[in-house]
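Only one structure is covered here, and it is reproduced in the block below.
Because the structure is predicted, anything quoted here is derived from the model rather than measured. Start at 1 with the first residue, then count along the sequence.
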Amino acid sequence: MRTVIALAATIALAGSGVTAIADRASAAPSTPSPITQAGTSAVKGSAKDKYQVYSRTDETVRYTRTYAGLRVYGGDLAIRLKNGKVTGTSVGLRAPLSLSTTPAVPAATALRVSRAHFTGRITSTGRPELFVDASTGLGKLAWETVVSGWLPDGQTPSRLHVITDAGTGAPIGSFDEIESVAGTGNSIYSGPVAIETTATGTGFTLTDPTRGAGYTCDMGNRTSGSCAVLTDTDNVWGTGTNTDRASAAVDAHFGAATTFDYFKNVHGRDGIFGDGTGVPSRVHYGSAYVNAFWDGAQMTYGDGTGNAKPLVALDVAGHEMSHGVTEHVVPGGLTYSGEPGGLNEATSDIFGSMVEFYAGSTTDPGDYDIGEKIDIRGTGAPLRYMYNPVLDGSSHGCWSSSTKNVDVHYSSGVANHFFFDLAEGSGATEFGTSPLCGTAAPVIGIGRDKASAIWFRALDNYFISSTTYAQARGYTLAAATDLYGFCSTEYKAVQASWTAVNVAGDDFCSAGNDFSLRLGTVSLTVDPGTSGTVTLATTSVNGEAEPITFSAGVVPAGVTVSFDPPTVTAGDPTTVTVTAAPGAARASAPVTITGTAPAVTRAVSLTVGVNSAAACTATNGDDLAIPDNTTVFNSVTIDGCATAPSATSSVEVHIEHTYIGDLIVTLLAPDGSPYVLHNRAGGSTDNIDETYTVNLSGESANGTWTLSVRDAASADIGTLDTWSLSL
């Protein structure tokens, strides 16, 4: 969520109400900007949006977005070009933003909530920033507060970003800016290596003049203060053992150089930051500090248990510095939660492993085990296994609807498994046996070089901050098409590898005239009495471009789907408009959109949703204490709701509590009918921040609805912060 500000000039988009910000060097008056070419609909623009160029290449221009002057997290987009013409976009928003920018909750409340979420010792708290949180594809006004300090170990720094709903004061989520990996190292890992240093009048310093002056320094087993760049008189560094403090520094210096070279020589990226700047590496950090981390600007390594096991393994260095690549390619990085967070971690696992292979070390040869040298478990077992992620006991090896709900280090397993199959194939390999998910067909790998080229191109040209696994499938297929051709062997391998980890999608290739369809977003939700649009792009993928006529399948009651224009030539887009009648009931269902051409018919699925009418929703934001062994009640009144409650009604609950296994949470309908939402589950887990789907189709909408919260044990108390009902 870092804010990036580019030097820019303003260009008004005629008739659109949208203002684009383009870099001066590219603002040629005779060439429409990429934003103008793509059009307001394609970028989900509104009259209050402005765009800032984040990065530009001949093929891709990335933008960040503001709404009414506020930063939009998840509003970033990428526009792809060929010969200066727009060929496609990646946009995270489901619909144009439309929301009030006046907070109902003051900054002081956000500050209090944020400090309460920090675990450890707080040293400072930033001023809460009002922004638009669109990480889910829908805009919500929120506060972001950065709380800095030290984690409970007293040595790991933390810059915790806490997101608070500006309408209710409820916490939405949080992430730590410090990316770290904890473990126990057993030795100095790199062995004899060549390193670049800088000569001085009296000797040499551990500064790399060939890679942007990246340097390695000694923290003296402290956590703050100056870090002394290592020096030597004869340019022979370390002894390969931990008794010489320069030995760990050699590994760190070598890791930074190898990672720099890998991205530059293999992917054409000029170092971690993309500007040729070297990476500082701090070694001997803290006392017996069993950790290593990337803080956005530099690498830091602890010395491990007893200050005898430095965490300077090569794949650790490659993994952590790859976080730096991700956060500088995608504005703010891939959101560090849910599926985007899993893709973030997987990207670092993938490139950390590729750095290890690139080094070609006989002491630490390349493999698909993550952190195998640092022995985090104390058993000699790796931290993660890319060929079969479930071996660590926590990671997901096959995608499921619950993948988005697990820690990002475990949701990463799906992408790690995909990459391994793409590179090495499924089944028995020299690195381990990769199982298939469900009834998927075996995969024949295309090799590490091609697999990593596809992943990097997808990251560089297609991924945006909110990318999901379903979107990653489409983006990697697009990357494979760019590099090796549509329906090439590599393209088909990408298809097969995603299917092998249960990330499904369209699988087709043909020899005659053919086209593909791609929606700007896979879901669109509208309010009753309103409309929303999504762009449906068509691409001629083989033979001659033919006319395509569009139609929609079964839609929810009260919903219509139309196309403008209804017929296009393959290569041209159409705008899909979804309209809900004023009395349309709450609904969500997949709608099949079919494109019919003379030679072939293709289809895509758009999930169409209808929100509850305003009169069919209610929120109670009054804080209510929950004492031990007590039941408390909090009510809302629905009045004027003209539709019956649906089978997918929702109850959003936010409770602060230190042991939610004590709690029983029940919704009481106006007639007293109980609907149990939470029944002493979760054990010692803190807090309930959950949206429950409830079948209320047999109830009357209007009346008083009550949330009952019972604390059924002693020793832990809490507070009902807020709850909302949507019928």
Side-chain angles (χ1 to χ4, degrees), residues 41 44 46 74 91-100 133-141 167 401 466 468 470 519-536 550-564 574-594 603-619 636-653 667 669 675 690-703 705 723-727:
S41 176
K44 299 293 187 293
S46 78
V91 181
L93 294 182
R94 300 183 194 177
L97 295 171
S98 178
L99 68 155
S100 168
D133 180 10
S135 58
T136 64
L138 302 173
K140 175 179 287 189
L141 193 65
S401 59
S466 57
T468 63
L519 288 161
T521 181
V522 296
S523 62
L524 181 62
T525 301
V526 297
D527 293 326
T530 67
S531 298
T533 62
V534 58
T535 299
L536 177 59
F550 301 101
S551 61
V554 178
V555 299
V559 172
T560 59
V561 175
S562 60
F563 304 90
D564 183 22
T574 187
T575 298
V576 184
T577 299
V578 175
T579 302
R586 177 185 172 90
S588 179
V591 174
T592 300
I593 295 177
T594 302
V604 290
S605 180
L606 174 67
T607 298
V608 173
V610 180
N611 291 322
S612 294
C616 301
T617 64
T619 297
V636 297
T637 299
I638 299 290
D639 184 22
C641 180
T643 59
S646 76
T648 57
S649 298
S650 65
V651 185
E652 182 179 351
V653 179
L667 176 70
Y675 296 87
E690 190 73 43
T691 298
Y692 303 94
T693 300
V694 189
N695 183 355
L696 300 177
S697 56
E699 299 290 344
S700 298
N702 296 313
W705 296 79
W723 73 283
S724 300
L725 174 64
S726 180
L727 298 179

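Taking CG from D564 and OG1 from T574, the interatomic distance works out to 6.0 Å, rounded to the nearest 0.5 Å. Within the model, atoms CG of L727 and SG of C616 stand 6.0 Å from one another, a figure rounded to the nearest 0.5 Å. Atom CG of L536 is separated from atom CZ of F550 by 5.0 Å, given to the nearest 0.5 angstrom. Atom CH2 of W705 sits about 11.5 Å away from atom OG1 of T637, to the nearest 0.5 Å. Atom CD of E699 is separated from atom CG of L667 by 8.5 Å, given to the nearest 0.5 angstrom. Taking CG from L97 and NZ from K44, the interatomic distance works out to 11.0 Å, rounded to the nearest 0.5 Å.
Listed for the N702 side chain is a donor-acceptor partner under 3.5 Å among the backbone atoms of C641.
Residues V653 and W723 come closest through the heavy atom pair CA-CB, 4.3 Å. In terms of heavy atoms, A584 sits closest to P528 at O-CG, 3.8 Å. Nearest heavy atom pair, residue I638 against residue A618, reads CD1-CB, 3.7 Å. The two residues G92 and S466 have their closest heavy-atom pair at CA-OG, 3.5 Å. Heavy atoms only, all atoms of each residue included: V591 and A552 are closest at CG1-CB, 4.3 Å. The two atoms that bring T579 and S531 nearest to each other are OG1-OG, 2.8 Å, heavy atoms only.
Across V91, T577, L606, a single residue satisfies side-chain contact (heavy atoms from CB on, under 4.5 Å) together with V534, and that is L606.
Side-chain contact between S605 and P590 is present, with at least one heavy-atom pair separated by less than 4.5 Å. Using a 4.5 Å cut-off on side-chain heavy atoms (C-beta onward), T533 and V576 make no contact.
Remark: the D527 side chain and the N611 side chain contain an N/O donor-acceptor pair separated by less than 3.5 Å. Judged purely by distance below 3.5 Å, without hydrogens or angles, the side chains of S697 and N695 pair a donor atom with an acceptor atom. At a cut-off of 3.5 Å, with distance as the only test, no side-chain donor of S523 or T607 sits close to an acceptor on the other residue.
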Using side-chain contact (heavy atoms from CB on, under 4.5 Å), reason through T535 and L519 one step at a time and then give a plain yes or no.
CA-CA 6 Å; T535 299; L519 288 161; over 6 Å; no
After noting the C-alpha distance and the side-chain angles of R94 and T521, does the key distance pass the side-chain contact (heavy atoms from CB on, under 4.5 Å) rule?
CA-CA 6 Å; R94 300 183 194 177; T521 181; 3.9 Å; yes
Verdict with supporting geometry, L725 and L696, side-chain contact (heavy atoms from CB on, under 4.5 Å)
CA-CA 11 Å; L725 174 64; L696 300 177; 4.3 Å; yes
Can T617 and T619 be said to form a side-chain contact (heavy atoms from CB on, under 4.5 Å), step by step?
CA-CA 7 Å; T617 64; T619 297; over 6 Å; no
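The side chain to side chain donor-acceptor pair (under 3.5 Å) check on T525 picks up nothing, with sequence neighbours excluded.
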